Amino acid sequence: MIRKLNSSKKLKTVFGSNCFFFYEILVDIDDSVQKIDLTHAFSKPDYGIELSSLPFVKYLHRRVVINEKTFKDFEELYTNNNLMQFYNRIIKIENGISILKTPIMQKDPAVFNVGFVGRWSKEKRPELFIEIAKAVKSNFSEIQFFMAGSGMDSYQKIIEDAGITYKGEIFDEVVLNEFYESLHLILITSYREGFPVVIMEAMAKGVVPIVTEVGGLNEHIKEKNGILIDNSQTEEKLIEDFVYKILDLNMNREKLEMFSHNAASYAQKEFNIEKFNKQYQQLLLVI
């Protein structure tokens, strides 16, 4: 396979992400081929491929990161492993999404819907969302909670027993957009993140994010377009803080509307796909 790659006159770039096989073959790929990898976030504290990739750093022409947090993580990692001579090869290209320039929708004031969108995985801590929903609904049963994403089928009964509407994995873009439009809040309960695309998608629809302050979330979630929750606390205190912020916005609908408008305006300005496309075209199109 490597021989075939090297003999191809059309091959200009190889690109990999979160794949150890990619790093293993770099040494055998011709030096004339541009070699690039992508890191959304370190798996710290569950260290993984960012450490495994260290012996192959010298073969990479570029490392792409999506936020300043990962930039700083690489700086620390390279410093500790005497690799700072390669630090200038790291560039930041933030994710982007297609956003229609349409008027910001007014949320239905007669209901209050809170959502979780993401895969069921250790770092996402969906079980925290379930506990938050239980705590809120024990006194405010009119507030509705929803969960959508991959890997949830095995947990459907747990989700529904907590009074949460189970949506499963949504593949249809129209259905997904309608789901976002129905939400007032989206929660991120993760203990590590890069910057989730679901936040960009939700904010573009005027959904207010309440998120743990991890990864690159504080680079875009600012005062009055979303709420950051201190992740250094115990899980009990995290749940308490999420519950407080949810109830505060439910009781203060003018504040919620202001946050919603700010979230949508920020998303339309900062998350549009055009900048993302241009940066990757400049990176990948080798003349």
Side-chain angles (χ1 to χ4, degrees), residues 18 39-51 65-81 90 92 94-95 114-139 143 145 147 149 155 162 164 184-200 202-203 207-252 255-256 259 262-263 266 270:
N18 203 34
T39 303
H40 283 171
F42 276 25
S43 54
K44 185 171 58 178
D46 313 313
Y47 263 113
I49 200 146
E50 60 270 13
L51 289 180
V65 299
I66 68 168
N67 54 54
E68 289 295 328
K69 176 65 168 61
T70 309
F71 238 130
K72 292 176 181 177
D73 285 340
F74 268 125
E75 181 177 18
E76 179 182 354
L77 187 62
Y78 278 25
T79 298
N80 292 339
N81 289 274
I90 303 172
K92 181 177 76 170
E94 295 182 317
N95 286 335
V114 183
F116 175 100
V117 182
R119 67 185 181 278
W120 190 289
S121 62
K122 176 184 174 184
E123 71 276 8
K124 299 288 185 183
R125 294 191 296 195
E127 68 280 0
L128 279 191
F129 180 83
I130 292 173
E131 293 305 316
I132 291 164
K134 286 180 180 178
V136 170
K137 291 181 74 63
S138 63
N139 291 298
I143 298 178
F145 287 79
M147 293 188 79
Y155 304 93
I164 299 168
H184 295 78
L185 306 179
I186 185 167
L187 307 191
I188 296 290
T189 52
S190 307
Y191 65 75
R192 62 176 172 86
E193 278 290 352
F195 188 77
V197 171
V198 298
I199 288 293
M200 293 189 282
M203 288 178 68
V207 186
V208 179
I210 305 181
V211 304
T212 45
E213 190 171 357
V214 295
L217 284 163
N218 63 4
E219 295 171 29
H220 293 288
I221 308 302
K222 308 289 185 180
E223 185 179 3
K224 298 181 180 179
N225 73 2
I227 295 171
L228 295 167
I229 302 291
D230 181 6
N231 189 56
S232 66
Q233 310 173 88
T234 64
E235 289 192 355
E236 290 77 11
K237 188 63 168 63
L238 277 172
I239 293 168
E240 182 181 318
D241 282 1
F242 270 104
V243 169
Y244 175 82
K245 296 300 183 182
I246 291 167
L247 297 181
D248 177 59
L249 289 176
N250 180 44
M251 298 297 292
N252 295 278
K255 181 179 178 180
L256 174 67
F259 271 65
N262 290 346
Y266 185 90
E270 300 294 336

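These figures come from a predicted structure and were not determined experimentally.
Within a 6.0 Å sphere centred on NZ of Lys92, other residues, nucleotides and ligands contribute more than 12 heavy atoms. Annotation: Lys222, atom NZ; neighbour count of heavy atoms from other residues, nucleotides and ligands within 6.0 Å is above 12.
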Q: Carefully, step by step, assess Leu51 and Leu77 under the rule side chain to side chain contact (heavy atoms under 4.5 Å, CB included).
A: CA-CA 8 Å; Leu51 289 180; Leu77 187 62; 3.6 Å; yes
Q.
Set out, in order, the CA-CA distance, both residues' side-chain angles and the distance that settles side chain to side chain contact (heavy atoms under 4.5 Å, CB included) for Ile49 and Thr39, then state yes or no.
A. CA-CA 9 Å; Ile49 200 146; Thr39 303; over 6 Å; no
Q: Take Ile90 and Glu75 through the test side chain to side chain contact (heavy atoms under 4.5 Å, CB included) and record every step on the way to the result.
A: CA-CA 10 Å; Ile90 303 172; Glu75 181 177 18; over 6 Å; no
Q: Show the numbers, then the answer: is there a side chain to side chain contact (heavy atoms under 4.5 Å, CB included) between Asp241 and Ile210?
A: CA-CA 10 Å; Asp241 282 1; Ile210 305 181; over 6 Å; no
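In this structure the side chain of Leu256 reaches within 4.5 angstrom of the side chain of Leu185, judged on heavy atoms. In this structure the side chain of Tyr191 reaches within 4.5 angstrom of the side chain of Lys122, judged on heavy atoms. Residues Asn218 and Val211 have side chains not in contact (no heavy-atom distance under 4.5 Å, counting atoms from C-beta outward). Counting heavy atoms from C-beta on, the side chains of Ile221 and Met203 come closer than 4.5 Å. In this structure, Val208 and Ile186 have side chains that are not in contact, with every pair of non-hydrogen atoms separated by 4.5 Å or more. A 4.5 Å side-chain heavy-atom check between Val114 and His184 finds every atom pair outside the cut-off. Residues Glu131 and Glu235 form no side-chain contact, since every pair of their non-hydrogen atoms from C-beta on lies 4.5 Å or further apart. Within the 4.5 Å cutoff, side-chain heavy atoms of Phe259 are placed close to those of Lys255.
Minimum interatomic distance between Ala135 and Val243 (heavy atoms only, all atoms of both residues): CB-CG2, 3.7 Å. Here the closest non-hydrogen pair linking Leu217 and Pro196 is CD2-CD, 3.8 Å. The two residues Asn262 and Lys224 come nearest to each other via the heavy atoms ND2-O, 2.7 Å. For the pair Ile130 and Met147, the tightest heavy-atom approach, listed with the atom from each and the gap, is CG1-SD, 4.0 Å. Nearest heavy-atom pair across Ser121 and Pro126 is O-CD, 3.4 Å.
Rounding to the nearest 0.5 angstrom, the gap separating the NZ atom in Lys245 from the CG atom in Asn250 is 14.5 Å. The CG atom of Leu128 lies 11.5 Å from the CD1 atom of Ile229; values are rounded to the nearest 0.5 Å. The CG atom of Leu238 sits 5.5 Å away from the CZ atom of Arg125 when rounded to the nearest 0.5 Å. Annotation: the span from Ile132 atom CD1 to Phe242 atom CZ amounts to 5.0 Å, rounded to 0.5 Å. Atom-to-atom distance recorded for Ile227:CD1 and Thr212:OG1 is 13.0 Å, nearest 0.5 angstrom. With values rounded to the nearest 0.5 angstrom, Ile246 atom CD1 is found 4.5 Å from Phe145 atom CZ.
The side chain to side chain contact (heavy atoms under 4.5 Å, CB included) test with Phe195 is passed by exactly one of Glu219, His40, Met200, Glu94: Met200.
Proximity of a side-chain donor or acceptor of Asn80 to a complementary backbone N or O of Glu76 within less than 3.5 Å is detected. Remark: side-chain polar atoms of Asn225 are paired, donor with acceptor, to backbone N or O of His220 under 3.5 angstrom. Judged by distance alone, with hydrogens and angles left aside, the side-chain atoms of Glu50 form a donor-acceptor pair with the main-chain N or O of Ser43 at under 3.5 Å.
Under the salt bridge (Lys or Arg N to Asp or Glu O under 4.0 Å) criterion, Asp73 pairs with Lys44, Lys69, not counting sequence neighbours.
Ring geometry for Tyr155 against Trp120 counts as parallel: the plane angle stays under 30°, on a 0 to 90° scale with 60° as the upper cut.
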